[in-house]
Amino acid sequence: MTTALAGALLAWYDRHRRVMPWRARSGERADPYRVWLAEIMLQQTTVATVGPYFERFVKRWPNVAALAAAPREDVLHAWAGLGYYARARNLHACAKAVADSHGGVFPDTEEGLLELPGVGPYTAAAIAAIAFGRPSIVIDGNVERVMTRVFAIDTPLPKAKIDVRAAMADLVPVDRPGDFAQATMDLGATICSPRRPKCMLCPWEMACRAHAAGEAERYPVKLKRAKRPLKRAIAYVLTDRQGAVWLRRRADDGLLGGMMEVPSSEWAAGEPSAKIARAAAPAALAWRELPEKVRHGFTHFELELTVWTAQARRADVSGGQWVAADGLDAVALPTLMRKVIARAIARAKGTSKKRRPKRA
DNA sequence: CAGGCGTGGGA
DNA sequence: TTCCCAAGCCT
């Protein structure tokens, strides 16, 4: 059964369907591998950002078997810059699980999908609906916003998800669950936006209780977030005579897990003392401090790195690896580390004459 | 279960 | 500048 509400949304979706590389054309069956890959990439990440990454991944690894057979380092490297690197580690683990334990075929139920690494409640429901036509209830941030507005749900997030799920129970049309899922997310992304929602264009305008009360923007109700603390540290960029940079791999768990880095002192609240800076340096060398610091925002804190550079011989350090300047694009460097290295190399070449406005 | 976990863009 | 956010998952 399709309710009037769902019908109106699907009609809107049919008129405004957005073309995206991971989306099946109207009437065509979606490829579970592409749906899965896109859903993982889209977690907390914008469509615009994901686009080029998705294209590169499917071109290089056209199916789950190919991805499972790839060295993990290649996957991490291809993911570099996209953020939330646990996704990349889980992506590879998931591909191997599907290839090794499921005969190369994705589970076609919500419960089965939920067992896979990196696949949580949202992603399992989304794949089940979009790739397999299961009538699952798909709730992401967009859907939360849409539904808390339509039904005027005042419960603060994340608790509101319970109420949203209940409100949606009779809403999912069994004949087009995948389209319905994508339609509710598209509605949230394009019409029912966090600020200044375009209610006059919304297929649910007449039904929306928040809009009727003139307070759509008040939903969803959420608690205020604390301000992000600032941490500081020294980052050490060692180069050899040929310009190769000394890198090492971060531990597999935690921040930027499994990715490459330049060494740094402990990331802490205060300004690192000269003593700490020397003690944390990977070798006793003629270090030079760059005048411009590197700032980088993480989800829960802001980081300010002071960059120290030095020229070294390979015998000065052990462990890690030396990567030639023209090979840096070929390793799994997160954006933060690319910024630091770029700053150091620009400085070494004397090309960092970045003009900045004078400050009082 | 609250907090850890990236990044880039828009207001 | 600063804040918020964007198709969440894991522990």
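The structure displayed is predicted, hence computed values, not measured ones. Chain letters run A, B, ... following the sequence lines, proteins first and then strands; every chain starts at 1.
Among the heavy atoms of the strands, none lies under 4.0 Å from A:M337. Using a 4.0 Å heavy-atom distance criterion, A:P158 is classed as making no nucleic acid contact. Within 4.0 Å of A:G81, counting heavy atoms only, lie sugar-phosphate atoms of the nucleic acid but no base atom. Within 4.0 Å of A:R18, counting heavy atoms only, lies at least one base atom of the nucleic acid. Note on A:L82: a base of the nucleic acid sits closer than 4.0 angstrom, heavy atoms only. Contacts of A:W22 with the nucleic acid, taken as non-hydrogen atoms under 4.0 Å apart, include base atoms. A:V119 comes within 4.0 angstrom of the backbone, heavy atoms only, and of no base. Using a 4.0 Å heavy-atom cutoff across all strands shown, A:R196 reaches no nucleic acid atom at all.
As rounded to whole Å, 13 Å separates atom C1' of C:dC5 from atom CG of A:D140. Following rounding to the nearest Å, A:I191 (CD1) and C:dA6 (P) show an atom-to-atom distance of 15 Å.
For C:dC10, neither phosphate oxygen OP1 nor OP2 lies less than 4.0 angstrom from any side-chain nitrogen or oxygen of A:R87. Considering only side-chain N and O atoms, A:H296 lies under 4.0 angstrom from the phosphate OP1 or OP2 of B:dT7. Here A:K222 reaches the OP1 or OP2 of C:dC5: one of its side-chain N or O atoms lies under 4.0 Å away. Between A:T335 and the phosphate of B:dG8, there is a side-chain N or O to OP1/OP2 separation shorter than 4.0 Å. Remark: A:Y84 is not in phosphate contact with B:dG4, judged by side-chain N or O atoms under 4.0 Å from OP1 or OP2. Between A:T45 and B:dG8, a side-chain N or O to OP1/OP2 separation shorter than 4.0 Å is absent.
Ring orientation note: the planes of A:W36 and A:Y33 are tilted relative to one another, at an angle of 30° to 60°. Between A:W204 and A:F180, the angle of the ring planes lies from 30° to 60°, which puts this pair in the tilted group.
Checking C:dC9, B:dT7, C:dC5 against every side-chain atom of A:P121, the shortest atom distance belongs to C:dC9. Side chain of A:Q44, nearest nucleotide from B:dC5, C:dA6, C:dC9: C:dA6. Distances were taken from every side-chain heavy atom of A:T123 (C-beta onward) to each of C:dC9, B:dA11, B:dT7; the shortest belongs to C:dC9. The A:T46 side chain lies nearest to C:dA6 when the options are C:dC3, B:dT7, C:dA6.
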>> Before you tell me yes or no, could you show the steps for A:D179 and A:R23 under salt bridge (charged side-chain N to carboxylate O under 4.0 Å, His left out), namely the whole-Å CA-CA distance, both residues' side-chain angles and the distance that decides it to 0.1 Å?
In response: CA-CA 10 Å; A:D179 286 347; A:R23 222 169 240 192; over 6 Å; no
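Counting distance only, with no hydrogens placed and no angle test, the side-chain atoms of A:T299 and the base atoms of B:dG3 include no donor-acceptor pair under 3.5 Å. Side-chain atoms of A:H300 and base atoms of B:dG4 include a donor and an acceptor less than 3.5 Å apart.
The same atom, C1', is picked in C:dC5 and in B:dG6; the two are 13 Å apart, to the nearest Å. Rounded to whole Å, the P atom of C:dA6 lies 22 Å from the corresponding atom of B:dC5.
When each of A:I127, A:V35, A:V98 is paired with A:F106, the side chain to side chain contact (heavy atoms under 4.5 Å, CB included) condition holds for A:V98 and for no other.
Mapping A:R295 and A:M185 onto DNA chain C via the closest heavy atom, the residue that lands nearer the 5' end is A:R295.
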